[in-house]
Amino acid sequence: MSEAEEKSSGSRTPFKSASRKDVIRILERITDAFLSLDRDLKILYANFEAEKLLDIIRENLVGRRLPEILPQFNYSALFPAMIESMHTGLPKDLEILDPKENIWYEVRIFPSVEEIAVYLRDVTSRKEGEVKLKESEERLSELVRTSLDSILSVNESMEIVMMNPAAEKLFGYSSWEVNGKSLEFLLPKRRNKLFSKVLRKIGESSDRGIFGPFRAKRKNGSEPILEASVSKVNTSSGKGYTLILRDITDRISIQKKLRGTVEELKTVDRERLDLLQNLEAEVESRSKELTRFYRLMKEELNLAKKVQNSLLPPIDYSIPGVQTFVNYLPVMEVGGDWFDIFEFRPGVLRVILADATGHGVQAALVTMTIKGVYEPLKYLADSPLELIKGINTDYCRNFKNLQMYFSCFILDVDTIERKIRFASGGHPALLWKSKSGINLLERTGSLLGLNAKMEYLEEEFEYSEGDSILMLTDGIFEEFDSEQNPFGEERIEKIFRESGLSGLELHSQIIREMKAHLGDKEPQDDITLISLNLS
């Protein structure tokens, strides 16, 4: 960074160590607005996010006091908190409202001997969400309270934790009389032995289960016949069950009177005849609907295939000193394998190969999220290690709730220094063939998407002219024949070592032997093979 650039970005004063360029580079890439202030609250440095958040270019920020920049906070807790933090030497966190713009900020203050670091983040959406959540909880509570249906909540131990007014009326008890008691308290003794066991089984169902009819016990000793809708709930205090109860005593009584009557038999017979007459037309209609749905699904899958293929690089991408060959065979129209090949900087070819768990549309969507995370980091990461860490961190931050994970192998081939550098997260070993034989480039960390703080390592080796590398996903060696025998990594390694083939001819030989191993079976997973011939 030149002296002029340092002055414009405000980096000269706050960072005097030999690593300030690295620090500045990191601060310029974080998503929080960052300010470095001296003890007079004068701005020494502001990153790009601060420039965007305050809507003032950095040349007009550096050197000015923060109270002048943000006068709307002069009577808030912001500046007293900064001064207090400087005096005590303790960091402080607070949330403040910008009354001018109606924006909530989360502010984190970290003091040092001469300066304080301030991080700002717009949390308006979160604060609005908290308000909406509170309103939603209040509406839900009011809905339960005013519901005409009787509602009971029990914990995992089948102890009553909530009874709404309708349930109080049904059983004749007040809430305080039954709270903490076993649900069996509301059942006749002769009926309660298997009740809790059946209730748990219904509650574990993915759909809300219907339980009943069964007899309950009122405070006055009468035994109404009830029916319950049961659903499992997870709360901060643990697992439990919600029961929506309906008194069906009258309905059961009427059904008993009607059972066996001639009119009911006539009704059933008429319904049977109507059903038989309309069954053929119904089946034909459903068949046409399914055919139309299948056609639309195929059209959407073909569109998805075109979209996914547009994300992949040319299969013949090479630079002087490295020639690449690619075979990509998804098991469906779309797949969970994804790769990119490009010249990272002059003389350095970077290859990234990722494999999402599963296959088909679900896995293909994961590859698109990987692509979205990867593109902003593509040219910023100086090494495979930095890139794989950045992908994992951003993916976990934005998509961890998907609970979808993927393996990833990032390889740099430096044709100038004649070195290979790589980092691997949970990916199968790559095969590197040299004059000394086959070497395995093993994984250096776990699957991506599990933990944002996952640690990875990077390894480096020198290569020689004539060496070759075979990259692949696990889809090919985890293909099983009719007797559940895998094709296996050892077989692929043997073909690579003994066939004398390379590039697409090597790929064809591996795929031929895999299909011979499968016999009449079709491949069950996506297959990607990438060969690199080094010269």
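Note that the coordinates shown come from a computational prediction; the quantities given were computed from them, not determined experimentally.
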Counting only heavy atoms not in [X] (residues, nucleotides, ligands), do more than 12 fall under 6.0 Å from its [atom1]?
X	atom1	answer
Glu483	CD	no
Arg108	CZ	no
Arg121	CZ	no
Asp55	CG	no
Lys515	NZ	no
Glu498	CD	yes

> After noting the C-alpha distance and the side-chain angles of Ile116 and Met82, does the key distance pass the side chain to side chain contact (heavy atoms under 4.5 Å, CB included) rule?
Replying inline: CA-CA 8 Å; Ile116 57 170; Met82 292 181 180; 4.0 Å; yes
> Mind checking what makes salt bridge (charged side-chain N to carboxylate O under 4.0 Å, His left out) contact with Lys494, not counting sequence neighbours?
Replying inline: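 Not a single residue meets the salt bridge (charged side-chain N to carboxylate O under 4.0 Å, His left out) criterion with Lys494.
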> Among all residues two or more places apart in sequence or in another chain, which pass the salt bridge (charged side-chain N to carboxylate O under 4.0 Å, His left out) test with Asp412?
Replying inline: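 Here the qualifying residues are Arg350.
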Taking the side chain as everything from C-beta on, heavy atoms only, tell me whether [X] gets closer than 4.5 Å to [Y].
X	Y	result
Val373	Pro376	no
Ile492	Ile476	yes
Ile96	Trp104	no
Leu377	Ile391	yes
Lys42	Leu37	no
Phe325	His507	yes
Val326	Leu529	no
Leu41	Phe79	yes

Any Lys/Arg nitrogen of [X] or [Y] sitting under 4.0 Å from an Asp/Glu carboxylate oxygen of the other?
X	Y	answer
Asp382	Arg25	yes
Glu49	Lys52	yes
Lys378	Glu386	no

Donor-acceptor contact present, side-chain [X] to main-chain [Y], <3.5 Å:
X	Y	answer
Glu479	Asp525	yes
Arg491	Glu513	no
Asn74	Pro71	yes
Asp481	Asn485	yes
Ser407	His427	no

>> The test is salt bridge (Lys or Arg N to Asp or Glu O under 4.0 Å); show your working for Lys419 and Glu460 and say whether it passes.
In response: CA-CA 7 Å; Lys419 290 181 179 181; Glu460 175 181 291; 3.3 Å; yes
>> Let's go through Asp337 and Thr473 carefully: what are the C-alpha distance in whole Å and the side-chain angles of both, what is the deciding distance for side chain to side chain donor-acceptor pair (under 3.5 Å) to 0.1 Å, and is it a yes or a no?
In response: CA-CA 8 Å; Asp337 290 357; Thr473 54; 2.9 Å; yes
> Step by step, would you call Ile43 with Leu66 a side chain to side chain contact (heavy atoms under 4.5 Å, CB included)?
Replying inline: CA-CA 6 Å; Ile43 299 174; Leu66 190 59; 4.1 Å; yes
Give, for atom [atom1] of [X] and atom [atom2] of [Y], the distance between the pair rounded to the nearest 0.5 Å.
X	Y	atom1	atom2	answer
Leu470	Ile510	CG	CD1	5.0 Å
Leu518	Gln524	CG	CD	8.5 Å
Arg443	Ser424	CZ	OG	6.5 Å
Asp93	Ser85	CG	OG	9.5 Å
Ile352	Ile388	CD1	CD1	7.5 Å
Glu114	Ser36	CD	OG	10.5 Å

> Which word best sums up how the rings of Phe344 and Phe342 line up, parallel for under 30°, tilted for 30 to 60°, or perpendicular for over 60°?
Replying inline: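 Aromatic pair Phe344/Phe342 classed perpendicular.
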Does either side chain, that of [X] or that of [Y], offer a donor lying less than 3.5 Å from an acceptor on the other one?
X	Y	answer
Gln72	Asp98	yes
Tyr105	Asp122	no
Gln509	Glu505	no

> Between Asp414 and Arg421, does a salt bridge (Lys or Arg N to Asp or Glu O under 4.0 Å) hold up when you go through it step by step?
Replying inline: CA-CA 8 Å; Asp414 190 337; Arg421 302 178 183 89; 3.5 Å; yes
>> Could you go through Phe34 and Tyr119, starting from their C-alpha distance and side-chain angles, then the distance that decides it, and tell me whether this counts as ring-ring contact (aromatic ring centres under 6.0 Å, His included)?
In response: CA-CA 5 Å; Phe34 173 83; Tyr119 295 84; 5.0 Å; yes
> Does the pair Asp340 and Lys371 meet the rule for a salt bridge (Lys or Arg N to Asp or Glu O under 4.0 Å), with working shown?
Replying inline: CA-CA 9 Å; Asp340 191 19; Lys371 171 77 171 176; 5.2 Å; no
>> Run Ile69 and Asn60 through side chain to side chain contact (heavy atoms under 4.5 Å, CB included) and show every step you take.
In response: CA-CA 10 Å; Ile69 302 295; Asn60 295 333; over 6 Å; no
>> So, applying ring-ring contact (aromatic ring centres under 6.0 Å, His included) with Phe406, which one of Tyr374, Trp338, Phe399, Tyr395 is it?
In response: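 Answer to the ring-ring contact (aromatic ring centres under 6.0 Å, His included) test with Phe406 among Tyr374, Trp338, Phe399, Tyr395: Tyr395.
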> Who passes ring-ring contact (aromatic ring centres under 6.0 Å, His included) against Phe422, sequence neighbours left out?
Replying inline: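 In terms of ring-ring contact (aromatic ring centres under 6.0 Å, His included), with neighbours along the sequence ignored, Phe422 is linked to Phe409.
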> Given Glu493 and Arg497, is the salt bridge (Lys or Arg N to Asp or Glu O under 4.0 Å) satisfied, shown in steps?
Replying inline: CA-CA 6 Å; Glu493 182 178 343; Arg497 182 177 59 250; 3.6 Å; yes
>> Can you confirm if the NZ or CZ of Lys521 lies within 45° of the ring axis of Phe480 and under 6.0 Å from the centre of its six-membered ring?
In response: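 Here Lys521 fails the 6.0 Å and 45° test against Phe480.
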>> Please evaluate residues Glu115 and Arg39 with respect to the criterion side chain to side chain contact (heavy atoms under 4.5 Å, CB included), reporting the C-alpha separation (whole Å), side-chain torsions for both, the decisive distance (0.1 Å), and the verdict.
In response: CA-CA 6 Å; Glu115 307 163 6; Arg39 300 186 70 84; over 6 Å; no
> Please walk me through it: do Phe461 and Trp432 pass ring-ring contact (aromatic ring centres under 6.0 Å, His included)?
Replying inline: CA-CA 11 Å; Phe461 299 97; Trp432 169 25; 5.7 Å; yes
>> Quick check on side-chain contact (heavy atoms from CB on, under 4.5 Å): which of Leu353, Leu411, Leu430 does Ile530 satisfy it with?
In response: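 Only one option passes, and that is Leu353.
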